[in-house]
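Quick notes on the structure that follows.
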Amino acid sequence: MVTGGREPVIVGAYESPLRSAPGVHPFEIHRDVIRHALEDAGLAWQEVDGFATAAGDFAEGGAFTDLLDVVDALGIEPTYFDSTDIGGASYLAHAVHAAEAIRSGSAEVVVISYAAVPRWWPIPSPFWDGLSYPSGSGQWELPYSPTLIGSFALMAQRHMAEFGTTPEHFAQIAVACRRHAAGNAHARFREPITVDDVLSSPVIASPLHRLECCVVTDGGGAVVMTTAERARDCRSAPVRILGSGMALSSLRLHDLDARLVTPAARSARRAYAAAGLTAADVDVAQVYDAFTATVLPTIEDLGFCEKGEAGDLIDSGALLPGGSLPLNTDGGGLSSNHGGRRGMYALIEGVRQIRGESPGRQVADCEVSLVHGIGGIFSAGVTMLLGPQR
Amino acid sequence: MGGRATPVVELTSEPVWEAVRRGVLLLQRCTTGELHWPPSGTRLCCGHRGGDYLESRGVGTIWSLSVVHRSSHAEPATPYCMVLVELSEGPLVFANLACEAEEQPQVGDAVELTAPVAVGDKWLPMFRIS
């Protein structure tokens, strides 16, 4: 494959080691992660012409930041910008969009930055639990008080009834993420847990337990993208985007049956086709884990096994360190960090694996790194396949 | 803030809310013959605001459910049951299941409409195990 020229590459990545940041404003986190990511790339702020951040990340006082707030706070004037908000997958969508902007010449150097402080300022709001307002078709759903985890629990329960998946299968995902987290000095939780620990933790929304829910952390992260040509002068080893795909569906529950096969199936199909790869080529995967229930159907739809057979794949130990499909090697949202839109952290770990910079959890000879983000209630799927530049 | 979220009712949904008051669930029937819940005047499948309503028999089976033990909503009190009911006519309806914990509802159980609960000046369809 010809590389070089305007091919988009990732040249900078930085994840804040913060997990709890009382008193730190998200703008400060943005500034710090951007500074570090640019330093990683060996680029100066003056060279940046593109900027992306999602609308609606958690700020102090229960407020939300958006693109214009952040642009103002940072004092920047980008000519390419993106504030796509599709929930947890937003930052992966930003990266896919930025890649196209760079390829087409609409941007030279794009910074994508994420910062949120939901632990400092917990968001115990019915809005957040229901993910939307009681208008439109939401007028027929929000009055029933759906919770975020309950919504994913509906999918988990159906998966169990349809395919014979068990609570133990779901629990093993949390156990695997914790095993990986042991190798990540910054992970929120690193002590090993067992399937029994998970299943004996309190039920939050049946069939899901407390230890099947992600951690809530303050923090942020940034990535820097530019052309392969410009990357020759960068400090870091560029990471190529071998292929990517996106898919969108409904946020509501009344058509959850249509998402028994989640948008991941469509986004992954496009990503594999663009890369000329299959699921069998993937060396390591970061799959959005707000809950164990977000992961289990998704690994099927990403093609790692047939629909309904995730339980067997999990039983094989595939997701564990040294397994055939090491999953969420930084510990994922279940053990390392989650600030509401984890796509950024998944992307950064995916990049680190290709660069060989995941000490304590590095997958050997990592050539193909899959990153998949989920937004809403299996509403959005964004799949990226990353690899080293030859 | 107390109570359940109050529905923001639109012009096209008003007759459907009125029907619930009478204990009836109205499904939207597009000109293509497709049945939809919830009603929407803007689905692209018809290409225009067409069709009419079909009165559901109000019976179906549990497609999925979750008993919620922790919630930020003021009502209902936990534990409560989020349920997706597959109506006999086909569409899936998200609702609450009025049941006691010892009933232990399961996927596939037969359910039916029961007395609606008040929310603001509207009435909310509810299901129970039949």
Please look at [X] and chain A and tell me whether the side chain, the backbone, both or neither of the residue comes under 4.5 angstrom of a heavy atom of that chain.
{"X": "B/P125", "answer": "both"}
{"X": "B/P79", "answer": "neither"}
{"X": "B/V117", "answer": "neither"}
{"X": "B/V85", "answer": "neither"}
{"X": "B/S13", "answer": "both"}

Of the non-hydrogen atoms in B/T6 and A/P134, which two are nearest, and what is the gap between them?
->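 So the two residues come closest at O-CG, 3.4 Å.
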
Shortest non-hydrogen contact between A/P146 and B/H73, atoms and distance =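 Shortest heavy-atom contact: O-NE2, 2.7 Å.
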
Student check: side-chain heavy atoms of A/Y144 and B/M82 closer than 4.5 Å |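 Side-chain contact under 4.5 Å: no.
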
Close side-chain approach of B/R70 to A/R210, heavy-atom, < 4.5 Å =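 Contact flag for B/R70/A/R210 side chains = yes.
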
Does [atom1] in [X] sit with more than 12 non-hydrogen atoms of other residues, nucleotides or ligands closer than 6.0 Å?
{"X": "A/E306", "atom1": "CD", "answer": "no"}
{"X": "B/R21", "atom1": "CZ", "answer": "yes"}
{"X": "A/R270", "atom1": "CZ", "answer": "no"}

Out of B/V9, B/V16, B/L65, which one racks up the most heavy-atom pairs below 4.5 Å with chain A?
->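 Counting heavy-atom pairs under 4.5 Å, the top option is B/L65.
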
Under the ring pair (Phe, Tyr, Trp, His ring centres under 6.0 Å) rule, what pairs show up with a residue in residues 100-125 of chain B, not counting sequence neighbours?
->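 As it turns out, there is no ring pair (Phe, Tyr, Trp, His ring centres under 6.0 Å) pair with a partner in residues 100-125 of chain B once direct neighbours are skipped.
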
Examine distances only and state if a side-chain atom of A/S206 and a backbone atom of B/V67 form a donor-acceptor pair shorter than 3.5 Å.
->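 Such a contact is found between A/S206 side chain and B/V67 backbone.
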
Heavy-atom donor-acceptor pair, A/S145 side chain to B/E75 backbone, under 3.5 Å |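 Judged by distance alone, yes, a pair lies under 3.5 Å.
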
Can you tell me how far [atom2] of [Y] sits from [atom1] of [X], rounded to the nearest 0.5 angstrom?
{"X": "B/I62", "Y": "A/R158", "atom1": "CD1", "atom2": "CZ", "value": "11.0 Å"}
{"X": "A/M155", "Y": "B/S66", "atom1": "CE", "atom2": "OG", "value": "13.5 Å"}
{"X": "A/H254", "Y": "B/L84", "atom1": "NE2", "atom2": "CG", "value": "10.0 Å"}
{"X": "B/W63", "Y": "A/L253", "atom1": "CH2", "atom2": "CG", "value": "10.0 Å"}

Specify whether B/W37 and A/W140 have parallel, tilted or perpendicular ring planes, treating 30° as the upper limit for parallel and 60° as the lower limit for perpendicular.
->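 Taking A/W140 first and then B/W37, their aromatic rings stand perpendicular (interplane angle over 60°).
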
A/A115: what forms a side chain to side chain contact (heavy atoms under 4.5 Å, CB included) with it, not counting sequence neighbours?
->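 Result, side chain to side chain contact (heavy atoms under 4.5 Å, CB included) vs A/A115: A/P26, A/I29, A/H30.
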
List for me each residue that meets side-chain hydrogen bond (donor to acceptor under 3.5 Å, both in side chains) alongside B/H69, sequence neighbours excluded, and say none if there are none.
->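 Here no residue qualifies.
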
Could you list which of residues 92-100 of chain B have a heavy atom closer than 4.5 Å to any heavy atom of chain A, in residue-number order?
->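 Listed by number, the contacting residues are B/L92, B/F94, B/A95, B/N96.
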
Which region of A/L208, side chain (C-beta onward) or backbone (N, CA, C, O), has a non-hydrogen atom less than 4.5 Å from a non-hydrogen atom of chain B, or is it both or neither?
->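 Neither part, no heavy atoms under 4.5 Å.
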
